[in-house]
Amino acid sequence: MAAANALTIRRPDDWHVHLRDGAVLAAVAPLTARQFARAVVMPNLVPPVTSVAVARAYRKRILDAVGTEAGFTPLMTCYLTDTADADEIARGFEETVFAAVKLYPAHATTNSDAGVTDIATVHGVLARLEKIGMPLLVHGETVGAGIDVFDREKVFIERTLGPLVEKFPGLKIVFEHITTKEAVDFVRAAPASVAATVTAHHLMINRNAIFEGGIRPHYYCLPIAKREQDRRALRKAAVSGEAKFFLGTDTAPHAVSAKETACGCAGIFTAVNALELYAQVFDEENALDKFEAFASRNGPAFYGLPVNEGTVTLTRAPTPVPTDIKAGSETVRPFLADETLSWRFEG
Ligand code: NCD
Ligand code: ZN
């Protein structure tokens, strides 16, 4: 394919974001709203978003942060706990407050302590989701003594996700932020009810980046980046155009002070230049013609939503990534801060 210098696609969506709350929300939500028409908003606040009323109030704070002129729609999620109430979840879906339910295995990642301790405790809720066609979004990692951090996703597929797909063949499942070749293979082999999101950072770095010349906290996220062969498999899946793979940045801002410390938080902040990062990958893979499927079409098709009206354009132009974004009294550092990207978002 001849190297294009401009790319216009249907307005895209981000199917996995962390917008936080308060000053950070005010700083980061407009960045996502600038590039995306809709975003699936993760519920791992403290305390987590577990009720329709709390989700409604959070949605209002997000809309206040972005302003109505942004034309942005936050798609809210319900944090699944051991004691989740299927009726409350179903009501939220019916009232179009909740777009999906989020499963965090307890202690798997940031603010997941209220997560599910044993998947069997939520089988009743999952049966209900299957019945009403409500998607389950899965943080696919098994944690526990004896499980290597780099094997968490693979073990989750074997012990939890595989059996889950068999038990609930009609349940729509998004395997979030996949990081391994095993996950790509699993999703491909699974029924059409199973899809996956892929982050920009997992397409760009492998685990060596975390240790290059010293420990690099801004490349630390969960699931942690894996081997080069995994990154290559993720790239092939993302640029394939296949309906099962779509864009979900997992942009996860943390204050620089919480990242650069003895026990730093997991999360990579990509909202500043999300589309530029992905466009660079698709360009490198000679697959710009598949970018619209990945960014704008496959996600809505899976969720059963219409594609967005309007378009966005990216051009091939050097784009510096800022060092920091101010968020109240804190700063957050973007992925690839101070580096220069090869595509620019024009709007
Ligand atoms: C996320 C966060 O900071 O909330 N962190 C991350 O490393 N991705 C949580 C998550 O999505 O796992
Ligand atoms: Zn996330």
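Here the structure is a predicted model, which is why all the values come from computation and not from measurement. Indexing begins at 1, ligand by ligand and atom by atom, following the structure's order.
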Which of the numbered atoms in ligand 1 are below 4.0 angstrom from a heavy atom of Cys221?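 The list of qualifying atoms is 7 (O).
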
With heavy atoms of Ala252 as the reference, note each atom of ligand 1 found under 4.0 Å away.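 Once the distances to Ala252 are compared, the set is 1 (C), 2 (C), 3 (O), 5 (N).
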
Taking heavy atoms and a distance under 4.0 Å, where does [X] meet ligand 1: side chain, backbone, both or neither?
X: His254; answer: side chain
X: Asn44; answer: side chain
X: His201; answer: neither

Report the member of His18, His177, His16, His139 with the shortest heavy-atom distance to atom 1 (C) of ligand 1.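 Looking at heavy atoms only, His18 sits closest to atom 1 (C) of ligand 1.
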
Any nitrogen or oxygen of Gly267, side chain or backbone, less than 3.5 Å from one on ligand 1?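 Yes; the residue has a nitrogen or oxygen that sits under 3.5 Å from a nitrogen or oxygen of the ligand.
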
Residues, nucleotides or ligands: over 12 heavy atoms within 6.0 Å of Lys181 NZ: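 No, NZ of Lys181 has 12 or fewer neighbouring heavy atoms, counting only those of other groups under 6.0 Å.
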
Count the heavy atoms belonging to other residues, nucleotides or ligands that lie under 6.0 Å from CD of Glu94, then report whether that count exceeds 12.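 Counting neighbours around CD of Glu94, 12 or fewer heavy atoms of other residues, nucleotides or ligands fall under 6.0 Å, so no.
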
N/O/S atom of [X] inside 2.8 Å of the Zn ion (ligand 2), strictly under:
X: His16; answer: yes
X: His139; answer: no
X: Asp250; answer: yes

[atom]: which protein heavy atom is closest, and how many Å away?
atom: atom 2 (C) of ligand 1; result: Arg20 NH2, 3.4 Å
atom: atom 7 (O) of ligand 1; result: Leu222 N, 2.8 Å
atom: atom 9 (C) of ligand 1; result: Thr109 OG1, 3.4 Å
atom: atom 5 (N) of ligand 1; result: Ala266 O, 3.2 Å
atom: atom 8 (N) of ligand 1; result: Asp250 OD2, 2.7 Å

Where the side chain of Asp13 meets the backbone of Arg38, is there a donor-acceptor pair that is under 3.5 Å apart?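 Side chain of Asp13 to backbone of Arg38, a donor-acceptor pair under 3.5 Å: yes, one is there.
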
Mark yes or no: Arg207 above the aromatic ring of Phe150, with NZ or CZ under 6.0 Å from the six-membered ring centre and no more than 45 degrees from the axis.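 Yes, Arg207 lies over the aromatic ring of Phe150.
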
Row check, Tyr220 ring normal vs Lys259 NZ/CZ: under 6.0 Å, within 45°: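 Judged by the rule, Lys259 and Tyr220 form no cation-pi pair.
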
Is it the case that Thr313 and Thr8 place a side-chain donor and acceptor less than 3.5 Å from each other?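 Yes - a donor-acceptor pair under 3.5 Å links their side chains.
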
Looking just at side-chain N and O atoms, do Lys102 and Thr77 make a donor-acceptor pair shorter than 3.5 Å?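 No, no side-chain donor-acceptor contact under 3.5 Å.
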
For Phe269 and Phe335, I'd like to know if the aromatic rings sit close, meaning centre-to-centre distance below 6.0 Å.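 Between Phe335 and Phe269, which both carry aromatic rings, the centre distance is not below 6.0 Å.
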
Is any side-chain heavy atom of Phe302 less than 4.5 Å from a side-chain heavy atom of Trp15?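 Not touching, per the 4.5 Å side-chain cut-off.
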
Any side-chain heavy atom of Thr180 within less than 4.5 Å of one from Lys154?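 Contact flag for Thr180/Lys154 side chains = no.
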
